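Notes follow the structure.
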Amino acid sequence: MALRFLNTMTRKKEEFDPIKKGFVKMYTCGPTVYDFAHIGNYRAYMFEDILRRYLKYKGYKVKQVMNITDVDDKIIRSVKGKDISASDYAQKFIDAFFEDIDTLNIERAEVYPTATGYVKEMVAMIEKLMEKGYGYRGEDGSIYYSISKFPDYGKLAHINVNELKTGARVKHDEYDKENLSDFALWKAWDENDGNVFWETSLGKGRPGWHIECSAMSTKHLGNHFDIHTGGVDNIFPHHENEIAQAEAATGEKFVNYWLHCEHLLVDGGKMAKSKGNFYTLRDIAERGYSPLAMRYFYVTSDYRKKIDFSFEALEASGKAVERLFEFLRRVRKMSGEDSTGRIDELVKSARDGFEDGMDDNLNAPRAMAEIFTFISEVNGIIDEGKLSKEDSKKIIDFMLDIDRVLGLKMESAFVEKELADEIKLLIEERDHVRKDRNYARSDEIRDMLKAKGIILMDSPRGTMWKIDEEYVSS
RNA sequence: GGCGACGUGGCCGAGUGGCUAAGGCAGCGGUCUGCAAAACCGUUUAUCACCAGUUCGAAUCUGGUCGUCGCCUCCA
C-alpha cells in the first residue's frame with residue numbers, strides 16, 4: 001500500500017507524492033522559547049519525529065526545517081524590568097529544548113532557524129507584499145496584511161472570514177487595521193518593547209509572528225515544498241496566514257500536504273501554558289518515569305486523535321517498553337539449531353502489517369498491534385524450543401529495523417549491565433542455598449535484591465536478573 | 001453563532017458495508033517453578049451513545065437526538 005496522509009487542506013486522505021522523487025521537504029512549526037516546553041508541546045514534536053523517521057524508513061531523503069521563535073510578546077514581557085537580555089533569556093529555553101528532544105530520542109531536524117536570525121528575509125518578504133499591495137501601514141506605524149486582497153484566505157481552515165466571531169480578545173489598538181482579521185506583518189516599536197527592536201527599511205520595530213515561518217520555510221525549502229505540520233491550533237490563524245503571506249509574495253503554491261496533530265489532554269481537558277495545568281518533561285522525569293515510557297505513550301497513539309495523559313497510562317507504557325526489551329533479550333539468547341522454518345514468513349507478515357498501518361496516515365496503534373501479534377507468535381516458538389540462532393538474528397534485525405521508526409532505543413536492551421560484586425556474590429550464594437533447598441535464605445536474598453530494584457528470575461538455565469528501572473524504588 | 005473532532009467490553013484502543021468486532025492492560029484458570037517472576041496456553045465482561053432511515057446485509061453510509069472536547073487571532 002502506498003503512503004497516505006490526511007491533508008488538512010482537502011480533509012481527505014491523499015497518497016503522498018513528493019515534488020522531487022525520493023526527496024521530502026518539510027517544515028515543522030517549532031517552539032516559542034519563553035518557557036520550558038510541556039508534554040503537550042512534545043506531542044507535536046514527537047509526531048513530527050515519527051513522520052520524518054517513517055519517511056526515511058520508506059527510503060526518502062528528508063530535509064526538515066523547524067523554526068525557533070525567539071522573539072515574541074511573552075519573551076519581551078518576561079525580560080521587562082529584569083537584568084537579562086531577550087536573547088539570553090530565550091537561549092536558556094533553547095538549550096532546554098534541545099536537551100528535552102535528546103531525552104525523548106527525537107531526531108534532529110536538518111535546520112533550526114531562529115526568528116531573530118532571519119529578520120532580513122522577513123523584511124524582504126514584507127516589502128514584496130507591500131509592493132504587490134497586500135500590506136498597508138496602520139496609524140501606529142505597524143504594517144498589516146490585508147486579507148481582503150487574498151481571495152483564498154480561509155481555504156486551509158475552511159473558514160469564512162466574514163463569519164468570524166469577534167470576541168473580547170480583540171484589543172483596542174486594533175482600530176489601526178482596516179479589517180478586524182488583518183494581522184501584523186511588522187510591529188512598530190513602542191515603549192513596552194524596551195530594547196527589543198530592529199532598525200530596518202520598514203522602520204524601527206519587530207516582525208509579526210506569522211511572517212517568520214513564511215520567510216524561513218521558503219528560504220530553506222523553496223517557494224513550494226511538500227509537507228507542513230503543526231498542532232491543530234496552528235491551523236487558524238497561523239498556518240492560514242502563512243499561506244496568505246507566502247503565496248501572495250511568491251505567486252506560487254506554498255505547500256502540498258498540511259498535517260496537524262491533535263492535542264494532548266490532561267484530565268480530559270486541554271492543556272495550555274496559560275492554564276497552568278501542564279507538566280514539563282522535567283516534571284515527568286522527577287517522578288521517576290523513564291523517557292522511553294513517555295516516548296512509547298506518544299508513539300503508540302494516533303496523532304489525529306486526542307490523547308488523555310495520566311500517570312496510570314504512563315506506567316502501562318513503561319511496562320510495555322520493558323516487555324519489548326525482555327522479548328529482545330530473550331530472543332537474543334537463543335543459540336540452538338532447531339528451527340520451525342517459519343521465521344521468514346512471520347517477519348514478512350509482521351513487517352507488512354506494520355507498514356500497512358503506518359502507510360495509512362501513520363496509524364501507529366494498528367502498526368503496533370501487528371508487532372505484538374508477532375511477539376506472541378515468536379514467544380510460542382521459543383517455548384517449543386524451536387527458535388534457532390539464525391532465526392534469532394532475523395528477528396533482532398527486524399525489530400531494530402522498525403525501531404528506526406519507533407525510536408525506542410531497542411539496541412539498549414542488549415547493553416550489558418554490570419552488577420556490583422557484592423550483589424553477584426549474593427546471587428551466587430542464593431544459587432547454592434537453593435540447591436540445598438534452603439528456601440528461607442533464598443527468598444530472603446531475593447527480597448533483599450528486589451528492594452534494591454533487582455528482580456531475579458529462575459530458569460532451567462540458571463538465575464537471570466533484570467534491573468527494574470522504570471520506577472524509582474520507594 | 002461559525003467550523004471541526006469524538007462517543008466500541010472494567011480501562012486503553014483498532015476496525016469506514018459482509019466470516020465467530022484486532023491488539024494491549026487489568027482479572028480469572030492452567031503449564032512451568034520449592035514458592036515466585038518471566039513466558040506460554042486457555043478464558044469472563046460489547047444489543048459498537050440513542051432514535052429513525054438506506055441496504056439482502058451497518059460499528060461502518062444518511063438524517064436527527066444526547067453527551068464530551070477543540071479552534072474562532074498568545075496557544076503543539
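First the proteins, then the strands, lettered A, B, ... as listed; each starts at 1. It should be emphasised that the depicted structure is a prediction, and the values quoted were computed from it without experimental measurement. Any value given below was found using the heavy atoms of this structure, including those in side chains, with hydrogens, waters and symmetry copies removed.
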Worksheet item: Can a salt bridge be assigned to the pair K306(A) and E262(A) using a cut-off of 4.0 Å between side-chain N and carboxylate O?
Response: yes
Item to complete: Under 4.0 Å between any heavy atoms, over every strand shown, what does A44(A) touch: base, sugar-phosphate, or nothing? Just pick one.
Response: sugar-phosphate
Practice prompt. Test for a donor-acceptor pair under 3.5 Å between the base of rC35(B) and the side chain of R446(A), counting only N and O atoms.
Written response: yes
Practice prompt. Round to a whole Å and report the spacing from CG of N241(A) to C1' of rC71(B).
Written response: 14 Å
Worksheet entry | D443(A)/R446(A) ion pair, N-O < 4.0 Å | yes
Item to complete: Identify, between M464(A) and P31(A), the residue whose nearest nucleotide on RNA chain B lies closer to the 5' end.
Response: M464(A)
Worksheet entry | Ring-ring centroid check Y89(A) Y34(A), cutoff 6.0 Å | no
Worksheet item: Is any NZ, NE, NH1 or NH2 atom of the basic residue among D360(A) and K13(A) found under 4.0 Å from an Asp or Glu carboxylate oxygen of the other?
Response: yes
Discussion item. Tell me whether D73(A) is salt-bridged to R206(A), with the criterion being a basic N under 4.0 Å from an acidic carboxylate O.
Written reply: yes
Discussion item. Could you work out, with side-chain contact (heavy atoms from CB on, under 4.5 Å) as the rule, every residue matching V299(A), not counting sequence neighbours?
Written reply: M46(A), I50(A), R295(A), L406(A)
Considering only nitrogen or oxygen atoms on both sides, find all protein atoms under 3.5 Å from nucleotides 40-44 of chain B and state each distance.
residue	atom	partner	partner atom	Å
rC40(B)	OP1	N379(A)	ND2	2.6
rC40(B)	O4'	D383(A)	OD2	2.4

Worksheet item: NA contact type, L264(A), heavy-atom cut-off 4.0 Å: base, sugar-phosphate, or nothing?
Response: base
Item to complete: Check if the side chain of D233(A) and the base of rC74(B) share a donor-acceptor pair of N or O atoms closer than 3.5 Å.
Response: no
Worksheet item: Counting any heavy atom closer than 4.0 Å, what does R430(A) reach on the DNA or RNA strands: base, sugar-phosphate only, or nothing?
Response: base
Discussion item. Classify D443(A) by what it touches in the nucleic acid, base, sugar-phosphate, or nothing, heavy-atom distance under 4.0 Å.
Written reply: base
Worksheet entry | Whether W258(A) and F254(A) hold their rings parallel, tilted or perpendicular, with breakpoints at 30° and 60° | tilted
Worksheet, complete the sentence: Comparing nearest nucleotides in RNA chain B, the 5'-proximal residue of the pair P237(A), A157(A) is A157(A)
Item to complete: Check the pair R4(A) / E14(A) against salt bridge (charged side-chain N to carboxylate O under 4.0 Å, His left out), numbers first and verdict last.
Response: CA-CA 5 Å; R4(A) 303 193 309 154; E14(A) 300 172 354; over 6 Å; no
Discussion item. Quick test of your reading of the model: are E48(A) and R43(A) salt-bridged, counting only N-O distances below 4.0 Å?
Written reply: no
Worksheet item: rA22(B) base to R366(A) side chain: any donor-acceptor pair below 3.5 Å?
Response: no
Please list, pair by pair, any protein nitrogen or oxygen found under 3.5 Å from a nitrogen or oxygen in nucleotides 59-61 of chain B.
none

Discussion item. Closer than 4.0 angstrom, basic N to acidic O: yes or no for E444(A) and R441(A)?
Written reply: yes
Discussion item. Applying a 4.0 Å non-hydrogen cut-off, can you work out what G40(A) is touching in the nucleic acid: base, sugar-phosphate, or nothing?
Written reply: base
Worksheet item: Base, sugar-phosphate, or nothing for R434(A), non-hydrogen atoms under 4.0 angstrom?
Response: base
Worksheet, complete the sentence: Only one of M66(A), H260(A), H239(A) passes side-chain contact (heavy atoms from CB on, under 4.5 Å) with C29(A), and that residue is H239(A)
Worksheet entry | More than 12 heavy atoms from other groups under 6.0 Å of NZ on K386(A) | no
Practice prompt. State the OH-OG1 distance between Y27(A) and T229(A), to the nearest 0.5 angstrom.
Written response: 10.0 Å
Worksheet item: Does R323(A) place a side-chain N or O at less than 4.0 Å from the phosphate oxygens OP1/OP2 of rC25(B)?
Response: yes
Discussion item. Tell me if the side-chain of K306(A) makes a donor-acceptor pair with the base of rC6(B), cut-off 3.5 Å, by modelled atom types.
Written reply: no
Item to complete: Could you list by number each residue of residues 294-305 of chain A showing a heavy-atom separation from RNA chain B of less than 4.0 Å, or answer none if no residue does?
Response: D302(A), K305(A)
Practice prompt. Output all residues satisfying side-chain contact (heavy atoms from CB on, under 4.5 Å) with M464(A), sequence neighbours left out; order by chain, then residue number.
Written response: K333(A), M457(A), S459(A)
Discussion item. Would R434(A) pass as a cation-pi partner of Y439(A), given that its NZ or CZ must be under 6.0 Å from the six-membered ring centre and within 45 degrees of the axis?
Written reply: no
Worksheet entry | Secondary-structure stems for RNA chain B, with pairs counted as Watson-Crick or G-U when both distances are under 3.5 Å and runs at least 3 long | B:1-7 with B:66-72, B:10-12 with B:23-25, B:27-31 with B:39-43, B:49-53 with B:61-65
Discussion item. Under 4.0 Å, heavy atoms only, any strand: does I235(A) hit a base, just the sugar-phosphate, or nothing?
Written reply: nothing
Worksheet item: Distance check: side-chain N/O of N363(A) vs OP1/OP2 of rG15(B), anything under 4.0 Å?
Response: yes
Practice prompt. Please indicate yes or no: is the ring centre of F372(A) less than 5.5 Å from the centre of the six-membered base ring of rG23(B), with the two planes inclined by under 30 degrees?
Written response: no
